[in-house]
Each structure stands twice: as C-alpha cells, then as structure tokens.
Protein chains: 2
Amino acid sequence: MSGSKSTSMTIGSLAKAAEINVETIRYYQRLGLMTEPKKPLGGIRRYDDVALARLRFIRRARWLGFSLEEIGELLKLEDGTHCDEAKALGERKLGNVRDKIRSLQQIEGVLDQLVEECCTQKDSVTCPLIASLHEGFETVAQ
Amino acid sequence: MSGSKSTSMTIGSLAKAAEINVETIRYYQRLGLMTEPKKPLGGIRRYDDVALARLRFIRRARWLGFSLEEIGELLKLEDGTHCDEAKALGERKLGNVRDKIRSLQQIEGVLDQLVEECCTQKDSVTCPLIASLHEGFETVAQ
DNA sequence: CTTGACTCCGTAGTCAACTACGGAGGTAAG
DNA sequence: CTTACCTCCGTAGTTGACTACGGAGTCAAG
C-alpha cells in the first residue's frame with residue numbers, strides 16, 4: 001500500500017544511482033539476487049533505497065572477489081535464514097573474509113615497504129612482493 | 001621447512017604445487033605474467049621455486065578480486081621497473097589494497113555482529129549486512 | 001493526443017579467464 | 001627397446017558475468 005517508502009525509483013534511476021547497468025539489474029533479478037517488486041498491472045516497477053543498498057553491496061562484494069553465488073549466500077544472511085543455518089554460514093563467511101583481510105594486509109605491508117624503500121636503496125632490486133607472500137601464508141597471522 | 005623441490009620442476013609438478021592447471025600456466029605465459037624458461041634444444045622446460053611463488057601470488061591476487069591485468073602491474077613492481085614509476089604505481093596499488101581492506105573490515109564487523117546476535121534476538125530480522133555498507137563510504141573505484 | 005524517452009522481456013552476443021584436445025615429440029622405469 | 005606418461009603448441013570450447021537488441025507496451029511533457 002502506500003507508503004512512505006523513502007524514495008521510489010524506476011529501474012533506470014536505480015541503475016544510475018547504483019552505477020550498474022539496467023540489464024545487469026535484470027540479470028541479478030533472474031539469478032534471484034534481487035527481487036522484482038510487483039508490477040501494478042500494466043504499469044512499471046518501482047524500487048526503493050533498500051534495493052539500492054543491496055545493489056551497492058553486490059557491486060562492492062564483486063570488487064572484493066566474491067562470486068555472485070557467494071554474494072547470494074551473504075545476502076541470504078541478510079534476508080533472515082533460519083538461525084542455526086545463518087550462524088554456521090555466517091561463521092564460514094567470516095573466516096573467509098578474515099582470510100582475505102589477512103592476505104591483503106600482507107600485500108599492503110609489502111607494498112608499503114616497497115614504496116618507502118624503493119628509491120632509497122640503490123643496490124638491490126629486491127622488492128619482495130612475492131617472496132613475502134610465498135612463505136608465511138598459512139603460518140602467519142595479522 | 002618444506003622439502004624444496006627447488007630448482008627443477010617440470011610444468012606438471014609446478015602446476016600441482018601451485019594448485020593451478022598446466023594449461024593455465026601456459027595461458028599466463030602467453031599473457032606475459034610468467035616467463036618461459038628457455039628450452040634446452042629438443043628437451044623440456046624446467047621451473048624453479050621463484051616461478052612457484054609467482055604462481056601462488058597470482059592465485060591469491062585473483063582470489064582477492066584483482067584482474068590479471070592488475071596483477072601484471074603488481075608483478076611489474078617486483079620485476080624492478082624504474083623507480084619513480086614503481087613508486088607511483090605502488091602508491092596507487094596501496095590505496096587500492098587499503099580500500100579493499102576497509103571494505104572487508106566493514107563486512108567482517110557486520111558478519112561478526114550477526115553471528116553473535118543472530119540467535120539471541122528473536123525479534124528483528126535486522127542483520128544489517130547491507131545497511132552498514134550502504135552508509136559508510138560511497139565512492140571508490142578502480 | 002502525439003511524441004519521445006523509458007520499461008519489459010526474451011534471446012543473443014561479448015569478454016575475461018580459464019580449460020580441453022590432439023598430435024608430434026621427449027623421458028624414464030623396467 | 002618398449003611402454004606409459006609427460007611436454008609442447010596451436011587452436012577451439014566452456015563458464016561466469018555481464019551487455020546489447022528489438023519489438024511491444026507505458027509514462028509524462030507539450
């Protein structure tokens with residue numbers, strides 16, 4: 001019914017706001033990542049800011065290397081799955097996210113060092129981006 | 001440490017060690033991400049642990065959402081580009097990596113809270129995975 | 001009430017990143 | 001030396017994630 005749903009957008013303005021192609025939104029709907037709001041009998045669909053937030057989340061998660069399938073699982077958490085399921089899933093995802101953070105922090109450390117030292121040391125071409133990653137993956141934390 | 005097969009793997013054992021398909025390694029060679037060691041005149045190529053480390057790095061970076069093109073740039077840093085170039089590139093990549101870390105930490109926070117609270121609160125289906133991400137920080141690209 | 005931009009929907013095409021195939025040749029254990 | 005498995009290499013196919021197309025319907029400004 002009517003509502004004071006903040007913003008009512010067409011798919012076009014939604015797409016623009018989320019910086020995502022209209023066709024892509026429809027693609028996500030087909031995959032079940034986004035729901036289609038019901039269409040008022042020979043009219044056009046309207047979207048609210050929840051849809052917008054969801055789209056932005058998908059975009060960011062993609063950028064972070066999650067597949068659409070994984071994103072679907074993350075979104076299921078939001079959508080309220082059964083509690084124990086959700087908890088288990090959440091814990092798995094949390095581990096996953098933390099692994100990614102750890103990996104990125106390793107790269108961050110090396111890049112940082114590289115940028116610092118790059119022009120100060122004349123000798124070695126040792127910018128050990130790889131070396132540091134190659135050891136100490138499973139072993140190291142933080 | 002690990003039993004180093006160091007300096008003399010065939011492409012097959014390299015692939016197994018890096019958990020990457022042989023064909024994929026050859027594909028990376030074609031793209032210039034990996035160099036082909038020279039072939040001893042009607043013999044077969046041999047790979048060392050530097051190649052292995054490089055492959056593992058590529059795998060991880062892919063997992064973290066970097067494209068092969070971006071990975072190529074990161075690897076250029078390792079390979080010793082000119083200093084100022086390298087520094088500039090390194091700084092850009094560093095910013096990029098830090099953005100990713102920040103995003104992941106946001107997701108981490110929300111997931112953590114979700115896992116904690118999930119079963120303790122009956123009422124709200126408010127597991128605001130999205131909500132928290134939607135505010136936060138807007139921009140970011142690359 | 002016309003016109004132009006937009007929506008809807010199914011289908012088809014594109015692009016990056018693999019992944020597989022097949023035949024000629026190399027390698028190593030028995 | 002045979003046999004089984006591997007490498008090499010070019011080419012072709014697959015998968016996931018979009019992206020485009022086209023025709024029919026819809027909305028809103030003039």
Side-chain angles (χ1 to χ4, degrees), chain A residues 2 7-48 51-52 54-76 96, chain B residues 5 7-48 51-52 54-75 96 100 141-142:
Chain A
S2 41
T7 26
S8 176
M9 290 171 276
T10 64
I11 199 171
S13 40
L14 176 67
K16 191 169 294 179
E19 296 174 273
I20 286 183
N21 198 315
V22 170
E23 310 297 330
T24 305
I25 295 174
R26 292 191 14 78
Y27 173 61
Y28 290 164
Q29 289 173 338
R30 259 173 277 144
L31 295 188
L33 292 178
M34 300 288 295
T35 57
E36 296 193 329
K38 23 210 147 321
K39 196 173 68 164
L41 262 140
I44 67 172
R45 290 180 235 281
R46 296 265 154 191
Y47 299 84
D48 58 17
L52 176 56
R54 203 171 167 100
L55 272 178
R56 283 185 171 146
F57 173 73
I58 294 173
R59 204 164 94 88
R60 280 229 269 163
R62 285 284 303 123
W63 176 63
L64 292 167
F66 293 97
S67 69
L68 291 181
E69 193 177 337
E70 290 171 312
I71 291 169
E73 295 188 323
L74 285 168
L75 287 172
K76 246 191 343 201
N96 196 268
Chain B
K5 249 191 160 176
T7 324
S8 221
M9 287 172 275
T10 63
I11 198 171
S13 40
L14 176 66
K16 190 168 296 179
E19 295 174 274
I20 286 183
N21 198 315
V22 170
E23 309 298 329
T24 304
I25 295 174
R26 291 190 15 77
Y27 172 62
Y28 290 163
Q29 289 173 336
R30 259 173 277 145
L31 294 186
L33 291 178
M34 299 290 294
T35 57
E36 295 193 329
K38 36 214 140 313
K39 196 173 70 164
L41 262 139
I44 67 174
R45 290 181 235 280
R46 296 266 154 191
Y47 299 83
D48 58 17
L52 177 55
R54 201 172 169 100
L55 273 178
R56 284 184 171 148
F57 172 73
I58 294 173
R59 205 162 94 89
R60 278 229 268 164
R62 285 283 303 123
W63 177 62
L64 291 167
F66 293 98
S67 68
L68 291 182
E69 194 178 337
E70 290 172 312
I71 292 169
E73 294 187 322
L74 285 168
L75 288 172
N96 195 270
K100 291 203 178 199
Q142 287 182 333

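Here is the naming used below: chain letters follow the sequence lines, and residue numbers restart at 1 for every chain. Fair warning: this is a prediction, and the values are worked out from it, not measured in the lab.
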**Q** First locate atom CD1 of B/Ile11, then atom CD1 of B/Ile25, and finally report the distance between them rounded to the nearest 0.5 Å.
**A**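 So the gap between those two atoms works out to 5.0 Å.
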**Q** Between B/Leu68 and B/Tyr27, does the side chain to side chain contact (heavy atoms under 4.5 Å, CB included) criterion hold? Intermediate values first, please.
**A** CA-CA 11 Å; B/Leu68 291 182; B/Tyr27 172 62; 3.8 Å; yes
**Q** Under 3.5 Å, is there a donor-acceptor pair between the side chain of B/Glu73 and the main chain of B/Glu70?
**A**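 It does not hold such a pair.
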**Q** What pairs with A/Thr35 under side-chain contact (heavy atoms from CB on, under 4.5 Å), at least two apart in sequence or on another chain?
**A**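 Applying side-chain contact (heavy atoms from CB on, under 4.5 Å) to A/Thr35 gives none.
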**Q** Just how far, in rounded Å, is C1' of D/dT19 from CD1 of A/Ile20?
**A**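 Interatomic distance, CD1 of A/Ile20 to C1' of D/dT19: 13 Å.
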**Q** So, B/Arg46 side chain and B/Pro37 main chain: donor-acceptor pair closer than 3.5 Å or not?
**A**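 No, B/Arg46 side chain to B/Pro37 backbone: no donor-acceptor pair under 3.5 Å.
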**Q** Can you give one letter per nucleotide of nucleotides 1-18 of chain C, 5' to 3': B if a protein heavy atom sits under 4.0 Å from the base, S if only from the sugar-phosphate, - if neither?
**A** ------SSBB------BB
**Q** What's the CG-C1' distance between A/Leu33 and D/dA17, to the nearest Å?
**A**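 It works out to 11 Å between those atoms.
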**Q** Roughly how bent is the helix from C/dC1-D/dG30 to C/dG30-D/dC1 end to end, in steps of 10 degrees, with each end axis from five pairs?
**A**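 Nearest ten degrees gives 20° for this helix.
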**Q** Rounded to the nearest 0.5 Å, how far does CD of B/Glu69 lie from CG of B/Leu31?
**A**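 CD of B/Glu69 is found 10.5 Å from CG of B/Leu31.
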**Q** Shortest non-hydrogen contact from B/Leu64 to B/Lys100?
**A**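 Nearest pair, atom of B/Leu64 first, then B/Lys100: O-NZ, 3.0 Å.
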**Q** I need the minimum non-hydrogen distance between A/Glu23 and A/Arg30, along with the two atoms involved.
**A**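 Reported closest heavy-atom pair: O-NH2, 4.2 Å.
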